[in-house]
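A quick write-up on the structure given underneath.
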Protein chains: 2
Amino acid sequence: MSQQDLYSIPIDDFFKSAFSVDCVIFGYDGKSLDVLLIKRGTEPFKDFWALPGDLVYPAEDLDVSANRVLHDLTSLDDIPVTQVHTFGKVNRHPLGRVITIAYTAIVEKSHLNPHPASWAEATEWHPVGDVPKLAFDHEEILGNALLHLKNLAKAEPLWANVLPKKFTLTQLQEFYEILFEKKFDKGNFRKKTRDMHFLQKLSELQKNVNHRPSALYEFDEQVYLEQKNVQDLLFDL
Amino acid sequence: MSQQDLYSIPIDDFFKSAFSVDCVIFGYDGKSLDVLLIKRGTEPFKDFWALPGDLVYPAEDLDVSANRVLHDLTSLDDIPVTQVHTFGKVNRHPLGRVITIAYTAIVEKSHLNPHPASWAEATEWHPVGDVPKLAFDHEEILGNALLHLKNLAKAEPLWANVLPKKFTLTQLQEFYEILFEKKFDKGNFRKKTRDMHFLQKLSELQKNVNHRPSALYEFDEQVYLEQKNVQDLLFDL
DNA sequence: AGGACTTATTGTAATAAATACAAAATCTAT
DNA sequence: ATAGATTTTGTATTTATTACAATAAGTCCT
């Protein structure tokens, strides 16, 4: 399309596009990392597995929309999502020009009970390493979101959303091991945690284990936020 | 809006939105970091400074659009841009629902000659620390893009787009110092560069300086890409 | 009660990276 | 030739990373 053509398109013709949000909800249960998929009960891609996503209302903010769509399809409420990337290939959606903004979150799988609603026929957790063929470009979106999640985890205590309120350092280590598919040395891992002052050691011990019980820890958000502020101020290369 | 309402909205009503791209083009000249702004010659926000941006054609991919828009408004060609973030507040655009996808790049200011075209009345470089009031939510977008740029620079040789083909290590250091607004130790900086094998030392020396001339270096992209591959394979926490 | 078992927790020695300086080298200009 | 400026290398100190060993503290079983 040349520059001339720009002026030959009536302004209203631009307002014939739509956008959607797609939610990449990762679930963690201490054992594996899964992603929440729905089975589409409507065309296009009827009966395909897909990320929960739908068109954004004309007067709806994007992040609000992500949560509303997630609620409508999976009955999950108030998941704090963060934006990942926008996908806009011209032919990615068969019904017309639809770009989609991907959002992601990581949640504690076992304490949630997603169930299908609206045009979703099913909701199901799938291990991130074993995902079926997906509708649209949702495989690309999922891959992108997983990368994003790993990067986030290097900078932020994502595990705070996902571990029990009181947890052991081993549980914390396992979170990283499962996310990064990599083992870490136990002693060295603990050494690193020593100067994370937002890890508050409790006097309480682990119960009902057939070996030496571990000390329990809590995440101290106050301390974390203060420390983060300092880091941001001193940020260096 | 409740779930019921979803089905009362005709599908066509969703296709009444538009999206735009906005380009945050940073310019570097060895002395300061600037951003390219245009003066808008059309409503809304006529006569305001703004990021170069415009509506995306109905059948145009987003990254293609970013370059086309940039060309139309500033006459710059073939700037490789990367996506930053999508901004979608309901009322961010007075003419209707328009979300915008922000793209960014960093270019060598002195070798480019942007000049206004289409509805742009002026193009001008502004130091990133001293930007006028901008149209729409462009100040937020600019801030976001600058953060993004700094993060990119920690992981990639952005300076390769910006330094002369043959450059000194001091020029390289100054790039980081200006971007991060922070001085580095000369000796230690050079030490770090020693195991960057993509920095190819030439036998040639700097000319026309009234002091000991520095050795010149070139960026060896081949070596860089190989090394990057290895890193990606071994990636660790 | 006592030993086997399992995991938690601390420690240590070796290596590598980051930091703060200082010294030496090499060009120009006078 | 010498002063001035900046490049370039070096060194000693501190701080982080790594690999591994030793000890501690519970449970389970006999």
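In what follows, chains carry the letters A, B, and so on, assigned in the order in which the sequence lines appear, proteins first and then strands, with residues in each chain numbered from 1. Because the structure is a prediction, the values reported are computed rather than measured.
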Could you walk me through whether B/Phe167 and B/Phe175 pass the side-chain contact (heavy atoms from CB on, under 4.5 Å) test, one step at a time? CA-CA 11 Å; B/Phe167 55 89; B/Phe175 173 81; over 6 Å; no
Take atom CD of B/Glu221 as the centre, draw a 6.0 Å sphere, and report whether it contains more than 12 heavy atoms from other residues, nucleotides or ligands. no
Without decimals, in angstroms, what is the distance between A/Phe189 CZ and D/dT17 C1'? 15 Å
Over how many whole Å does the gap from B/Arg190 atom CZ to C/dA22 atom P extend? 19 Å
B/Arg212, nearest nucleotide to its side chain (from D/dT9, D/dT6, C/dC21): D/dT6
Heavy atoms under 4.0 Å, any strand shown: does A/Thr170 hit a base, just sugar-phosphate, or nothing? sugar-phosphate
Base, sugar-phosphate or nothing for B/Leu205? Non-hydrogen atoms, less than 4.0 Å. sugar-phosphate
Test your reading of the model: is there a side-chain donor-acceptor pair from B/Arg92 to the backbone of B/Val98, 3.5 Å cut-off? yes
Of the listed nucleotides (D/dC20, D/dT9, C/dA29), which one gets closest to any side-chain atom of B/Asn210? C/dA29
What is the separation between atom CG on A/Leu216 and atom P on D/dG26, rounded to the nearest whole Å? 13 Å
note: A/Gln206, atom CD; D/dT27, atom P; distance rounded to Å ~ 11 Å
Under 4.0 Å between a side-chain N or O of B/Ser214 and OP1 or OP2 of D/dT8? yes
From the options C/dG11, D/dT6, D/dG26, select the nucleotide whose nearest atom is closest to the side chain of A/Lys191. C/dG11
Nearest whole Å is fine: how far is C/dA20 P from B/Phe184 CZ? 12 Å
Nearest to the side chain of B/Pro213, which nucleotide is it out of D/dA19, C/dC27, D/dC28? C/dC27
Provide, to the nearest angstrom, the distance between the CD atom belonging to A/Gln173 and the P atom belonging to C/dT7. 13 Å
Once you round it to whole Å, what is the distance between P of C/dA17 and CG of B/Asp195? 8 Å
Testing D/dG26, D/dT18, D/dA5 for proximity to the side chain of A/His211, the answer is D/dG26
Length of the line joining B/Lys192:NZ and C/dT19:C1', which is rounded to integer Å: 10 Å
Classify the side-chain pair B/Thr86/A/Thr86 by whether it contains a donor and acceptor separated by less than 3.5 Å. yes
Please determine if B/Asp34 and B/Lys109 form a salt bridge, counting it only when a charged side-chain N lies under 4.0 Å from a carboxylate O. yes
Toward the 5' end of DNA chain D, which comes first, A/Val209 or A/Asn188, by nearest nucleotide? A/Asn188
